[in-house]
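Bear in mind that the values here come from a model prediction, so they are computed numbers and not experimental data.
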Amino acid sequence: MKRKKVWKVVTSVILFILLLFVLVPLAWAISLSFDRKALTSLPEFSLIPHQPTTFNYEVAWRNLDLLTLYGNTLFLTVVNTVISVFTAIMCGYAFSKGRFRGKNFWFIFMLAVMMIPFESRMIPLYLQYRNWGMLNTYFPLIFGSFAYVYGIFFARSNIDAIPDAIRESAYLDGAHEWTIFLRIILPLSMPLIATLSILQVLANWNSYLWPLVVIRSSSKQVISVGVAMFNAQQNAYYYGPRMAISVVSAVPLVCVFLFLQKYIVQSVALSGIKQ
């Protein structure tokens, strides 16, 4: 018992130290965003602003069209998340409970796509959308959401845990495939939906390379590209406005994660259920 208690204390101390390595830089970044002294120079380390002010946020607001960037990013994030999660669960349900020829082959073939880095497919995709006349539109950023391979793999693993008896009982009651999917599979997959939604929100909100390549108009850009452009144009000493922009761009992600984080644990527990 004593060894277990000592090991528990040691583990807690180590985890606390690692947590400090993560949280202290974040806290300092927030402090710099509210520190007027950080406008022209990097002040000494302090978790409390030396000269508290919102001036850095005003500078960022005047030099960057945050409302437009937020609107564009929010639109793409919502649309891509809804499409990718819904199609992933549909495909996962088909691969899990469906019966069709070549099911295992097509599933493995689909997983092979995960082994190919996006950078190696980026130029062919760019040429394809250029030939279709879709550059500087949101179509190249949305079409890829219909093939969320990791989501399909994760959905299949979770739906496998749902007993077949539930589906068979619905069939005996006269339910059609879409009825079973919408009224049984989706409600039982809420932890899965929340987990995939978090992953997709993070991926879409932080998306940088692909929007930078296919979107040319600044009025259609996303916030990650806007922040990068702001940092590239501003003086290297403008730490305060840079931190202000970073804080503003990260707030939605923090809110989404805090709202949906409990479903991640539920999803892990669901994946361990056996029929």
Asks: Nearest heavy-atom pair of G92 and I159: which atoms, and what distance?
Replies: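 Heavy-atom minimum between the residues: C-CD1, 4.0 Å.
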Asks: Starting at OG of S246, measure out to CG of L32 and round the result to the nearest 0.5 Å.
Replies: 10.5 Å
Asks: Do F230 and P241 come close enough that some side-chain heavy atom pair is under 4.5 Å?
Replies: yes
Asks: Between F55 and F34, does the ring pair (Phe, Tyr, Trp, His ring centres under 6.0 Å) criterion hold? Intermediate values first, please.
Replies: CA-CA 7 Å; F55 181 72; F34 287 100; over 10 Å; no
Asks: Rounded to the nearest 0.5 Å, what separation is found between the OG atom of S31 and the CG atom of L47?
Replies: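 Taking OG in S31 and CG in L47, the distance rounds to 6.5 Å.
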Asks: Once you round to the nearest 0.5 Å, how far does CZ of R36 lie from OG1 of T54?
Replies: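 Separation between the atoms: 9.5 Å.
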Asks: Which donor-acceptor pairs under 3.5 Å do the side chains of residues 106-129 make with protein atoms, sequence neighbours left out?
Replies:
unit_1, atom_1, unit_2, atom_2, d
S120, OG, P117, O, 2.6
Y126, OH, R216, NH2, 3.3

Asks: So do the side chains of Y150 and L199 get within less than 4.5 Å of each other, counting heavy atoms only?
Replies: yes
Asks: Okay, side chain of N56, backbone of S33: is any donor-acceptor separation there less than 3.5 Å?
Replies: yes
Asks: Hydrophobic clusters here meaning ILVMFWY residues chained together by side-chain heavy-atom distances under 4.5 Å, can you tell me if I198 and V251 are in one?
Replies: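 In one cluster with I198: V251, yes.
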Asks: Membership question, hydrophobic clusters at under 4.5 Å side-chain separation (ILVMFWY): are F105 and F100 in the same one?
Replies: yes
Asks: Is the backbone N or O of N72 less than 3.5 Å from a side-chain atom of K220, with the two atoms forming a donor-acceptor pair by type?
Replies: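 Answer holds: no.
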Asks: Hey, can you pull the donor-acceptor pairs under 3.5 Å for the side chains in residues 73-86, sequence neighbours left out?
Replies:
unit_1, atom_1, unit_2, atom_2, d
T73, OG1, L69, O, 2.7
T73, OG1, I223, N, 2.8
T77, OG1, T73, O, 2.7
N80, OD1, S145, OG, 2.9
N80, ND2, L76, O, 3.2
N80, ND2, L141, O, 3.1
N80, ND2, N204, OD1, 2.9
T81, OG1, T77, O, 2.6
S84, OG, N80, O, 2.6
S84, OG, T81, O, 3.2
S84, OG, Q200, OE1, 3.0

Asks: Measure the shortest side-chain to side-chain distance between R156 and Y93 over non-hydrogen atoms and say whether it is less than 4.5 angstrom.
Replies: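 No - every pair of side-chain heavy atoms lies 4.5 Å or more apart.
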Asks: Side chains of S217 and N136: do they bring a donor and an acceptor to under 3.5 Å?
Replies: no
Asks: Which hydrophobic side chains are connected to F21, either touching it within the sub-4.5 Å cutoff or through other members that do?
Replies: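 Its cluster mates, by chain and number, are V9, V13, I17.
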Asks: Does a side-chain heavy-atom distance below 4.5 Å link R242 with I245?
Replies: no
Asks: Which heavy-atom pair separates V22 from L26 by the least distance, and what is that distance?
Replies: O-CG, 3.4 Å
Asks: Is the OH atom of Y171 crowded by more than 12 outside heavy atoms at less than 6.0 Å?
Replies: yes
Asks: How many angstroms lie between atom NZ of K103 and atom OG of S96, to the nearest 0.5 angstrom?
Replies: 7.0 Å
Asks: Please determine whether a side-chain nitrogen of the Lys or Arg among E177 and R167 lies less than 4.0 Å from a carboxylate oxygen of the Asp or Glu.
Replies: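 Looking at R167 together with E177, the answer is yes, because their closest N to O distance falls below 4.0 Å.
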Asks: Please tabulate, one pair per line, all N/O donor-acceptor pairs under 3.5 Å involving side-chain atoms of residues 205-215, not counting sequence neighbours.
Replies:
unit_1, atom_1, unit_2, atom_2, d
W205, NE1, S249, O, 2.8
N206, ND2, L202, O, 3.2
W210, NE1, P140, O, 3.0

Asks: Are side-chain heavy atoms of D35 and W28 found at a separation under 4.5 Å?
Replies: no
Asks: Of all the heavy-atom pairs spanning A155 and L192, show the shortest one and how long it is.
Replies: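 Heavy atoms of A155 and L192 come nearest at CA-CD2, 3.7 Å.
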Asks: Run the side-chain hydrogen bond (donor to acceptor under 3.5 Å, both in side chains) test against S12 and tell me which residues pass, sequence neighbours left out.
Replies: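 Partners of S12 by the side-chain hydrogen bond (donor to acceptor under 3.5 Å, both in side chains) criterion come out as none, since no residue qualifies.
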Asks: Which heavy atom of P187 sits nearest a heavy atom of L182, and at what distance?
Replies: CD-O, 3.5 Å
Asks: If you define the side chain from C-beta out and look only at heavy atoms, does anything of W178 sit under 4.5 Å from H176?
Replies: no
Asks: Just verifying a value: how many Å separate S189 OG and F154 CZ, rounded to the nearest 0.5 Å?
Replies: 10.5 Å
Asks: Tell me, yes or no, whether the heavy-atom count around F45 atom CZ, taken from other residues, nucleotides or ligands under 6.0 Å, exceeds 12.
Replies: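 Above 12, so yes.
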Asks: Name all residues meeting the ring pair (Phe, Tyr, Trp, His ring centres under 6.0 Å) criterion together with F153; count only those two or more places apart in sequence or in a different chain, and write none if there are none.
Replies: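 With neighbours one apart ignored, the set is empty.
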Asks: Measuring from atom CG of L64 to atom OH of Y70, what distance do you get when rounded to the nearest 0.5 angstrom?
Replies: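 That separation rounds to 10.5 Å.
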Asks: So do the side chains of S169 and L172 get within less than 4.5 Å of each other, counting heavy atoms only?
Replies: no
Asks: In terms of hydrophobic clustering (I, L, V, M, F, W, Y; side-chain heavy atoms under 4.5 Å; direct or indirect links), are V24 and I48 co-clustered?
Replies: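 No; tracing contacts between hydrophobic side chains, which count when under 4.5 Å, never links both residues.
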